[in-house]
Amino acid sequence: MGPTTQGRAAGGPERPPGPAAGLPADCCLEADFTSADLSRLRVVLGEYAARLGLTGRRHNALLLSANELADNAVRHAGGGGLLRLYREGSLVCCRVCDSGPGFDASVIPDHPPGLERSTGWGLWTVRQLTDGLEVGPADGGARGAIVTCGVRLVHPPR
């Protein structure tokens with residue numbers, strides 16, 4: 001499992017589940033995507049995130065974060081990937097798997113990248129918006145990365 005970066009320090013956020021073989025039992029959405037699919041993917045993600053209980057700012061945080069993860073896979077990791085959206089406990093998680101060169105959490109800046117920088121903003125933003133962000137290698141030692149972020153439900157369903 002790759003290094004973990006946590007969301008905001010206040011409140012001791014839960015960590016989203018790490019990269020693991022197989023699909024989580026409560027997977028809600030699984031979709032392959034390319035750049036041509038991103039706008040439709042955002043619409044579908046919004047619908048599924050609402051079904052899982054996210055509303056308001058928490059809903060928007062997940063949508064923006066998922067979009068950034070998918071966009072990174074398109075731009076830096078071969079043009080697409082696989083997105084999974086699911087709930088685990090009180091977290092709604094978004095996992096993006098790609099087949100790019102891979103990376104680790106050390107590339108995510110601790111502070112906002114300088115305005116002159118064209119990279120680093122996406123993952124930095126995801127870290128700020130979510131309750132947890134984890135980066136790990138692709139399953140089975142293949143090329144690529146698995147990036148998982150999680151947004152906590154304010155009122156988890158019972």
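Side chains are part of it too, since the values below use all heavy atoms of this structure and drop only hydrogens, waters and symmetry mates. Here the structure is a predicted model, which is why all the values come from computation and not from measurement.
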Presence of salt bridge, Arg143 and Asp98, under 4.0 angstrom
no

If every non-hydrogen atom of [X] is compared with every non-hydrogen atom of [Y], which pair is closest and at what distance?
X      : Y      : value
Cys94  : Leu62  : CB-CD1, 4.1 Å
Leu54  : Arg152 : CD2-O, 4.3 Å
Ile146 : Pro137 : CD1-O, 3.6 Å

Measuring only between side-chain heavy atoms, which start at C-beta, is [X] closer than 4.5 Å to [Y]?
X      : Y      : result
Leu91  : Leu153 : no
Thr148 : Val96  : no
Ile108 : Arg127 : yes

Partners of Ala70 by side chain to side chain contact (heavy atoms under 4.5 Å, CB included), sequence neighbours excluded?
Phe33, Leu38, Leu41

Can you list everything that forms a side chain to side chain contact (heavy atoms under 4.5 Å, CB included) with Pro112? Sequence neighbours excluded, please.
Trp121, Trp124

Under the side-chain hydrogen bond (donor to acceptor under 3.5 Å, both in side chains) definition, can you give me all pairs with a residue in residues 35-45, not counting sequence neighbours?
Thr34-Asp37, Arg42-Asn67

For the atom pair OH (Tyr86) and CD (Glu30), what is the distance rounded to the nearest 0.5 Å?
11.5 Å

Looking at His59 and Gly46, would you say the former's side chain and the latter's main chain have a donor-acceptor pair under 3.5 Å?
yes

If you look only at pairs with a residue in residues 61-72, which of them pass as a salt bridge (charged side-chain N to carboxylate O under 4.0 Å, His left out), with sequence neighbours excluded?
Asp71-Arg75

